[in-house]
Amino acid sequence: MAEFNPEQDFLKIYDKLAPALWRHAYFRVSSKELAEDLVSETFLKAWDKYRANPVDNLKALLYRILHNLIIDHYRGNHHDISLDDMLVEPAAPHSTEVDVKIEVDMLRQHLDKMPEIYKQVLLWRYVDDLSIADIAELLGKTSGHVYVIIHRALKHLKDLVANKSN
């Protein structure tokens, strides 16, 4: 039987989930450096909890901590722009990169008009590729309730897109 090694287990989780957590944070805050900081802080807080008492679903714990840190960031109105972002002149993007950026910006604008629960559930499901069970655990709701929220959120998003194009 394998011996429980919290450090090794946590490092494996870090390697597996850090990129997805960073993408989630970046999508929410639009800053690479801030996303990195938030993910680092997420893992530090999760390590403190995990070391004291290993949890069954570390993935859910990490997303919950990151979600709370993002909320705290916006509550504090920390809209920092890094010096690197201000000094670096971006390279000329290819037309497909521009198209993708425009689509992502439009999606962000629509998501910003949605209730927070809808926005969060859609991000977890379609950006972070979390399972319905993981989302249900994060929200403390049943899987059936999560399906309903996703259905309503998608309908709301479709309505926003349809109204924008009219």
Side-chain angles (χ1 to χ4, degrees), residues 10 12-47 49-50 55-82 85 90 93 96-165:
F10 195 81
K12 287 178 187 174
I13 294 290
Y14 177 86
D15 290 340
K16 182 178 176 184
L17 295 179
L21 287 164
W22 182 86
R23 276 191 311 274
H24 178 82
Y26 179 67
F27 193 88
R28 296 294 306 271
V29 299
S30 302
S31 164
K32 292 177 182 179
E33 292 79 14
L34 180 57
E36 288 172 3
D37 291 346
L38 290 169
V39 171
S40 294
E41 191 172 346
T42 296
F43 275 100
L44 286 172
K45 287 179 181 251
W47 172 244
K49 290 181 187 278
Y50 186 75
V55 295
D56 291 334
N57 192 339
L58 188 55
K59 183 177 184 179
L61 174 66
L62 288 164
Y63 274 97
R64 171 57 54 205
I65 292 170
L66 180 59
H67 174 73
N68 291 339
L69 288 172
I70 291 168
I71 288 172
D72 290 347
H73 166 75
Y74 281 114
R75 281 186 183 149
N77 292 322
H78 298 120
H79 300 289
D80 300 331
I81 298 174
S82 75
D85 287 343
T96 54
E97 291 175 20
V98 171
D99 293 340
V100 168
K101 178 154 179 36
I102 289 170
E103 288 177 14
V104 169
D105 287 343
M106 287 175 51
L107 178 60
R108 258 197 200 116
Q109 289 173 6
H110 291 307
L111 285 173
D112 286 342
K113 296 174 188 171
M114 297 177 72
E116 183 62 29
I117 186 71
Y118 287 177
K119 178 172 37 173
Q120 190 60 56
V121 167
L122 289 178
L123 290 174
W124 281 334
R125 184 69 179 137
Y126 298 108
V127 174
D128 301 325
D129 201 29
L130 293 183
S131 70
I132 298 296
D134 285 340
I135 296 169
E137 186 170 332
L138 284 167
L139 294 174
K141 299 188 182 300
T142 65
S143 294
H145 194 170
V146 171
Y147 279 112
V148 170
I149 294 170
I150 290 172
H151 173 75
R152 289 178 181 165
L154 289 171
K155 183 181 180 328
H156 190 79
L157 183 59
K158 286 177 188 176
D159 291 345
L160 286 172
V161 170
N163 289 336
K164 182 73 172 179
S165 62

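These figures come from a predicted structure and were not determined experimentally.
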Hey, does [Y] have a side-chain heavy atom less than 4.5 Å from the side chain of [X]?
X	Y	answer
Tyr26	Glu36	no
Asn57	Leu61	no
Tyr63	Ile135	no
Arg152	Lys155	no
Leu139	His145	no

Out of curiosity, [X] [atom1] to [Y] [atom2], how far, rounded to the nearest 0.5 Å?
X	Y	atom1	atom2	value
Leu111	Tyr118	CG	OH	13.5 Å
Met114	Leu123	CE	CG	9.5 Å
Ile71	Gln120	CD1	CD	7.0 Å
Ile65	Ile70	CD1	CD1	12.0 Å
Asp15	Phe10	CG	CZ	11.0 Å
Arg64	Leu62	CZ	CG	12.0 Å

*Taking atom CG of Asp112 as the centre, report whether more than 12 heavy atoms of other residues, nucleotides or ligands fall under 6.0 Å from it.*
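Enclosed.
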
(Q) Pair Leu17, Leu58 - check side-chain contact (heavy atoms from CB on, under 4.5 Å), show working. (A) CA-CA 10 Å; Leu17 295 179; Leu58 188 55; 6.0 Å; no

Under the criterion side-chain contact (heavy atoms from CB on, under 4.5 Å), I'd like the reasoning laid out for Lys113 against His156: C-alpha separation, chi angles, the key distance, then a yes or no. CA-CA 10 Å; Lys113 296 174 188 171; His156 190 79; 5.8 Å; no

Minimum heavy-atom distance Pro19-Tyr14, with the two atoms named: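 So the minimum-distance heavy-atom pair works out to CD-O, 4.4 Å.
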
Which pair of non-hydrogen atoms, one from Val39 and one from Ala25, has the smallest distance, and what is that distance?
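Looks like CG2-CB, 4.2 Å.
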
* Between Tyr50 and Trp47, what is the ring plane arrangement, given parallel below 30°, perpendicular above 60°, and tilted in between? ->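 Tyr50 vs Trp47 ring planes: tilted.
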
| message | Suppose the criterion is salt bridge (charged side-chain N to carboxylate O under 4.0 Å, His left out): which pairs have a residue in residues 120-147, not counting sequence neighbours? | response |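 Listed once each, the pairs are Lys59-Asp134.
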
